Amino acid sequence: MAGTTSQPTQPTARTRSWWGWGWADAHPDDAECTAMGALLPGTLSRPLPVPRVRDLAVAAPAVEPPRSLAHLIDADPADRAAHSMGKAYRDVVRALRGRPGRIPDLVARPTDDRGVADLLDWAGERQVAVVPYGGGSSVSGGVEYRGDAHQAVMSLDLTAMDRVLEVDTEGRAARIQAGTLGPSLEDQLRPHGLTLRHFPQSFEFSTLGGWLATRAGGHYATGHTHIDDFVQSLRVVTPAGISNSWRLPASGAGPSPDRLFLGSEGALGVITEAWVRLQERPRHKASAAVAFTDFRSALRAVRALAQSDLSPANCRLLDSGEAALSGAAHDGSSVLVLGFESADEPVTARLERAVALARSHGGRYDGSGGDSGAGVGGSKGSPEASPDGDAAVSAWRSAFLRMPYLRDGLARMGAVAETFETAATWDRIPDLIDEVRREVGEAAVKATGFPATVNCRLTHVYPDGAAPYFTVLAAGRAGDEVAVWDDLKAVASEVLHRHRATITHHHAVGRDHRPGYDRQRPEPFALALRAAKGALDPRGILNPGVLVD
C-alpha cells in the first residue's frame, strides 16, 4: 500500500453563480437570452434581470452558535443565500422572482469528523435543522429546508474536507474526504495514474459525498454507471455515533452497512470519508455516431448493444428532437452516440463491431464525419484515428456541457425548461416514452395555451432495461412558472408510476420526488427506514423532510 496525503488544487478565481448553474461568467447574456426566447412561443419580450442578493430580505440569524464553534460558522447573507437551494429549474425561477424560500440562518464548514460531530451535538440541543451540502448542484430539492418545525436552519458545507487521504496503488483504491469536488479529486489521483472514472454532468460542481448520498449516476452508459459500484467502505458521522465500515472487496455478512447510507441524502448521517475503487487512466479512445430514421429501430439496436459483451463507455440514444437541439443531426434522424475506451488495448475493433450491430438494425454510418455520424476518433495522444473525433459526437458533447446554462437563460425569458429521468425494463420503454411525450405535451398546452417540446434520450443502458431522460421546453405563465412546471412534473410522474418506472434513476429523491418515492417503495421498507431514522437521528435534525418524515 502506498500512503499519501494529497493537497487539493487551489480554488479558481472565477465566481460561482449564487442563483443559477455553474460559473457566473458563463451564463448567456441578455441578447442571447432574447434570441433563445424568440424561438419559443409564449415567452417574455425581454429577460428577467439577474437576481442580486442585496435585493433579498435576508433576516438576521434566529440562533447564535457557541463561541467554541464560531470559527466553523458563517452568517454572511450572500453565503447563506447561496446555500438556500439547489440548481433545479424551480430553484432558478424562485431566485429570479426573489422567492428563494427559507434561507439558512448559518453556514458551517467543518474541517474534520470532530467538527461535524460537535456541530450535530449543538444543533440537536438547540433543535436546529442541519442540511448537509456538497457542491450545491442538487436538482430535486435535496439541499433546502421546507417548513417551520425548527427554530433555525444550518447548512453543513463539507467542501473544507477536500483531500485524498490515502491511495492503495496495489489494490487500486483511495480514501477520500467527502467534500472533495470532482476536478480536485481527479487532480489528486492523476499523479498515481489512477482515476475514479465517475463523471456526472455536475462533475465540476459536485462532491464525492454528494455523489454517495444521492447514489449519483456518472457519464458512462454501461458497466459501472452508479457511484455505488465504486464503494469499498464509508465513514459516516451520525447523532448516535460514528459508523465506519470495514474496507473489503466483498462481504456476505448480513445487510451491507454501506447500503444503508448510500442514497440516504444526509437524513441518517453525514458521510465524511469513503474508500473507493479506482481504475487505470484510459489511453485508448474511439467514438462514432450512427443515425436512425426510425426511433423504435434505434431502441432495438441499443438493447442489442446492452445485451452484447461490448460494454461501450458511451451508448446514448438521442431522439430526433434531442439530436437537433444538440446539433448532432438536423434531418429528423435519431442519433446513437457510441464511445469506447481502454487503459491497455486499442478499442477500434470494438467500436467497429458496435457500429455493425447498429447497422443491422437500420442505422446509417458512412464514415463521412457529417451530421449523421461516422469518422472514428480518439483523444489526443491516442493511437486511434483523428484526435478531433466524430463531428456529431463533438456537437453532442459541447451541448451536453452547455445545456444547464442555456436552461437558465430560457428561465430568464419566462420559459419552462427542465429535465427529468427514470428507468424501466425494455418491455415498457417504447410505450413509456411515447406516453410521456404525448401526455406532458397535452398538459403543457392546457396549462399555457402553447405547444411544448418534449424530447428524450437514453443516458444509461442495461441488459434488462434503460434510463430515458426527458427534456421539456414550454411556455410559462409570468410569475407562475414554478406552478406550471409542478403541474407538468405531476403528469409525468403519473405516467412513470403507471409503467412501474422509477421516480428517479440518478437525481435522488430530495423533496421534489417524495410523492413518487412514497408510492414506489414497499411499506415494510418504509417502516424500517423510519426506524433507522429514529435510531440514528432521534431529535430529527438531519435534512428534515427527505426520504421519511
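It should be emphasised that the depicted structure is a prediction, and the values quoted were computed from it without experimental measurement.
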Inset, instruction - State which residues pass side-chain contact (heavy atoms from CB on, under 4.5 Å) with P404; sequence neighbours excluded, sorted by chain then number. - result: W21, Q201

Inset, instruction - Sort and list the pairs that fulfil salt bridge (charged side-chain N to carboxylate O under 4.0 Å, His left out) and have at least one residue in residues 422-433, not counting sequence neighbours. - result: R296-D431

Legend entry - Residue pairs, two or more places apart or on separate chains, that pass side-chain hydrogen bond (donor to acceptor under 3.5 Å, both in side chains) and touch residues 438-458: E322-R457, E439-R498

Inset, instruction - With sequence neighbours left out, write down each residue that passes salt bridge (charged side-chain N to carboxylate O under 4.0 Å, His left out) with R500, or none if nothing qualifies. - result: none

Inset, instruction - If a pair satisfies salt bridge (charged side-chain N to carboxylate O under 4.0 Å, His left out) and one of its residues is in residues 219-230, list it, with sequence neighbours excluded. - result: R215-D228, D228-R259

Inset, instruction - Only counting residues at least two apart or in another chain, list the ones meeting side chain to side chain donor-acceptor pair (under 3.5 Å) with R281. - result: E186

Inset, instruction - Please find out if less than 6.0 Å separates the ring center of W23 from that of Y405. - result: no

Legend entry - Partner set under salt bridge (charged side-chain N to carboxylate O under 4.0 Å, His left out) for E204, not counting sequence neighbours: none

Could you give the side-chain donor-acceptor pairs of residues 484-491 under 3.5 Å, partners two or more places apart or in another chain?
| from | atom 1 | to | atom 2 | distance (Å) |
| --- | --- | --- | --- | --- |
| D486 | OD1 | R90 | NE | 3.4 |
| D486 | OD2 | R90 | NH2 | 3.0 |
| K489 | NZ | H513 | NE2 | 2.8 |

Inset, instruction - Using the side chain to side chain contact (heavy atoms under 4.5 Å, CB included) rule, pick out the option among L325, T419, T471 that qualifies with M403. - result: L325

Legend entry - Counterpart residues, salt bridge (charged side-chain N to carboxylate O under 4.0 Å, His left out), relative to E265 (two or more places apart): none

Inset, instruction - Tell me, please, which residues at least two apart from R407 pass salt bridge (charged side-chain N to carboxylate O under 4.0 Å, His left out). - result: E418

Legend entry - With A304 via side-chain contact (heavy atoms from CB on, under 4.5 Å) - residues at least two apart: L357, H361

Inset, instruction - Could you walk me through whether D331 and S333 pass side chain to side chain donor-acceptor pair (under 3.5 Å), step by step? - result: CA-CA 6 Å; D331 61 356; S333 297; 2.8 Å; yes

Inset, instruction - Tell me, please, which residues at least two apart from T502 pass side chain to side chain donor-acceptor pair (under 3.5 Å). - result: Q520

